[in-house]
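All residue numbers refer to positions in the sequence shown, counting from 1.
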Amino acid sequence: ASLFSIQEEITQRVVAQLGDSFGPVHRALLKEFQQHPAQRHTPRTAALCYRRWITCMAPDLFVEAKFALEQCLEYPDSASTLALLAEIYASDYQLAFDSVPDALNKALHLAKNAQRLDINCQSAYWSEALVHYLRRDREQFRRTIDQVLPLNPANPFMAVSVSLLLGLSGQISRAAEITDKAIRLSPYSPRWHHIIPFMNYYMDEEFKLALSEALQINAPTCFWDPLLRTAAYGQLGRRSEAREAYAELLQIQPAFVERKERLLRGLFLSDAMLKKILGGLKAAGLLPTL
């Protein structure tokens, strides 16, 4: 590689890590915030609450982030606040928390308002794309998701977020390429970025490699983590471990059996991936109970 290309790569990494939503600057701010919680939230502190939640997706942190962002609706000119609250409302539907009536319509309204306030608000387009994803409107999803990354290519967190939806919609090769580039630029992405290589291996029936990725997700408060481990263990014939992982899933999401279609369709836009995951549960001997 030429000296110029090496310098360019180093510059890109520095910019990406400084601008990353979970980079060192923001991690320092988050640590300070955790030591000195806000008495009354501002768009800045509400965004920090959102970042605490999105890292691990714990239900209690979701409630905190939702409260903080809703408290900031008194700042009507904050596009980022509207965009993050739009994502929160969409996630409320996706994870079946169901604390927000008509969540997807409200999320879309907030995302559109954020775009009107700031046409370059990257998270506003991301939130809109998530709504279309959850509505299973593939055409609108593809149109919107393609607008996200060009608004700020140096945001690795947004890159892995985009790649997650692209991958689980069936564009796994494109998603893997985006994920790999984002991880090279910044090492601070939430652990759920391992879902993309997991699905890549899983769909290719490389189940041992898939399991190794699933074990690195480490999101014990989100049902996605034990779900993927359950499927991988099932495909490998390791039924006792599959049942242990499934028990973890039910602890996190006790209504999984009754709401499995809603929860799985909220995660997978690709019907082929959804069917393959169900195949892992069936191999584990769990499907009849579902």
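- Screening residues 195-208 for salt bridge (Lys or Arg N to Asp or Glu O under 4.0 Å), with sequence neighbours left out, gives E205-K276.
- By the ring pair (Phe, Tyr, Trp, His ring centres under 6.0 Å) test, Y233 pairs with no residue at all, sequence neighbours left out.
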| task | With side chain to side chain contact (heavy atoms under 4.5 Å, CB included) as the test, would you mind laying out the steps for S161 and W192 before giving the verdict? | result | CA-CA 9 Å; S161 299; W192 44 254; 3.7 Å; yes
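- In this structure, I195 CD1 and I217 CD1 are separated by 5.0 Å, a value rounded to the nearest 0.5 Å.
- Scanning both residues, G266 and L134, for their nearest heavy atoms gives O-CD2, 3.5 Å.
- Taking all atoms of both residues into account, the shortest heavy-atom contact from A58 to T221 is CA-OG1, 3.3 Å.
- Nearest heavy-atom pair across G234 and A283 is O-CB, 3.3 Å.
- Hydrophobic clustering, defined by side-chain heavy atoms of Ile, Leu, Val, Met, Phe, Trp and Tyr closer than 4.5 Å, groups Y201 together with L209.
- Using a 4.5 Å heavy-atom threshold, the side chains of D271 and R136 count as touching.
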| Verdict with supporting geometry, M273 and L168, side chain to side chain contact (heavy atoms under 4.5 Å, CB included) | CA-CA 7 Å; M273 289 183 177; L168 299 183; 4.2 Å; yes
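- The closest donor-acceptor contact from the side chain of S169 to the backbone of L166 lies under 3.5 Å.
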| message | For a side chain to side chain donor-acceptor pair (under 3.5 Å) check, start with the C-alpha distance between Y133 and Q140, then their side-chain angles and the critical distance, and finish with the verdict. | response | CA-CA 8 Å; Y133 184 95; Q140 284 285 76; over 6 Å; no
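- Side-chain contact check for L108 versus R135: some heavy-atom pair is nearer than 4.5 Å.
- Residues L278 and F268 fail the side-chain proximity criterion, which asks for heavy atoms closer than 4.5 Å.
- H193 contributes atom NE2, which lies 9.0 Å from atom CG of D180 (distance to the nearest 0.5 angstrom).
- No side-chain donor from either of H41 and Q71 sits under 3.5 Å from a side-chain acceptor of the other.
- A salt bridge does not link R229 with E244: none of the charged nitrogens is closer than 4.0 Å to a carboxylate oxygen.
- With K66 contributing its side chain and I88 its backbone, the two residues share no donor-acceptor pair below 3.5 Å.
- Annotation for F67: atom CZ does not count as buried by contact number, only 12 or fewer foreign heavy atoms lying within 6.0 Å.
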| said: With side chain to side chain contact (heavy atoms under 4.5 Å, CB included) as the criterion, how do V162 and I145 come out once you've worked through the C-alpha distance, each side chain's angles and the decisive distance to 0.1 Å? | reply: CA-CA 7 Å; V162 166; I145 200 73; 3.8 Å; yes
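- Q171 CD to S270 OG: the interatomic distance, rounded to the nearest 0.5 Å, is 10.5 Å.
- Under the 3.5 Å distance criterion, the side-chain polar atoms of Q122 are matched with a main-chain donor or acceptor of N152.
- Between L85 and L82 there is no side-chain heavy-atom pair separated by less than 4.5 Å.
- The main-chain N or O of L286 is never found under 3.5 Å from a side-chain atom of R243 such that the two would form a donor-acceptor pair.
- A donor-acceptor pair is defined here as one N or O able to donate and one able to accept, closer than 3.5 Å; no such pair exists between the side chain of R191 and the backbone of A219.
- No path of Ile, Leu, Val, Met, Phe, Trp and Tyr side chains, each step under 4.5 Å between heavy atoms, connects L69 with Y75, placing them in separate hydrophobic clusters.
- Taking each heavy atom of S163 and I196 in turn, the nearest pair found is O-CD1, 3.3 Å.
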Going by atom type alone, with no hydrogens or angles, which donor-acceptor pairs under 3.5 Å involve a side-chain atom of residues 111-119 and a protein atom two or more places apart or on another chain?
unit_1 : atom_1 : unit_2 : atom_2 : d
K112   : NZ     : E128   : OE1    : 3.4
K112   : NZ     : E128   : OE2    : 3.1
N113   : OD1    : R116   : NE     : 3.4
N113   : OD1    : R116   : NH2    : 2.4
N113   : ND2    : H109   : NE2    : 3.1
Q115   : NE2    : A124   : O      : 3.4
Q115   : NE2    : E128   : OE1    : 2.9
D118   : OD1    : N120   : N      : 2.9

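- Residues L250 and F223 have side chains not in contact (no heavy-atom distance under 4.5 Å, counting atoms from C-beta outward).
- Listed by first and then second residue, the salt bridge (Lys or Arg N to Asp or Glu O under 4.0 Å) pairs involving residues 161-179 are D146-R174 (not counting sequence neighbours).
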| request: Check step by step if side chain to side chain contact (heavy atoms under 4.5 Å, CB included) holds for E213 and N200. | output: CA-CA 10 Å; E213 294 292 338; N200 204 357; over 6 Å; no
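- For E139, the CD atom counts as loosely surrounded, since its 6.0 Å shell holds 12 or fewer non-hydrogen atoms of other residues, nucleotides or ligands.
- To the nearest 0.5 Å, atoms CG (L227) and CG (L267) are separated by 7.0 Å.
- Checked by atom type, the side-chain pair E64/W53 shows no donor-acceptor distance below 3.5 Å.
- A salt bridge is absent between R143 and D137; no separation between the charged side-chain nitrogens and carboxylate oxygens falls under 4.0 Å.
- Distance check, rounded to the nearest 0.5 Å: CG of L130 to CD of Q94 gives 5.5 Å.
- In this view, F207 and Y202 satisfy the ring pair (Phe, Tyr, Trp, His ring centres under 6.0 Å) rule, not counting sequence neighbours.
- Closest heavy-atom contact between D92 and A103: OD2-CB, 4.3 Å.
- Annotation for S127 and A83: closest pair OG-O, 2.8 Å, computed over non-hydrogen atoms.
- Atom CD of E261 sits about 8.5 Å away from atom CG of L274, to the nearest 0.5 Å.
- L104 places none of its side-chain heavy atoms less than 4.5 Å from the side chain of Y89.
- In this structure the side chain of F62 never reaches within 4.5 angstrom of the side chain of M57, judged on heavy atoms.
- With F256 as the aromatic partner, R262 does not meet the cation-pi criteria of under 6.0 angstrom to the ring centre and within 45 degrees of the ring axis.
- For the pair V100/Y93, no side-chain contact is recorded, criterion being any heavy-atom separation below 4.5 Å from C-beta on.
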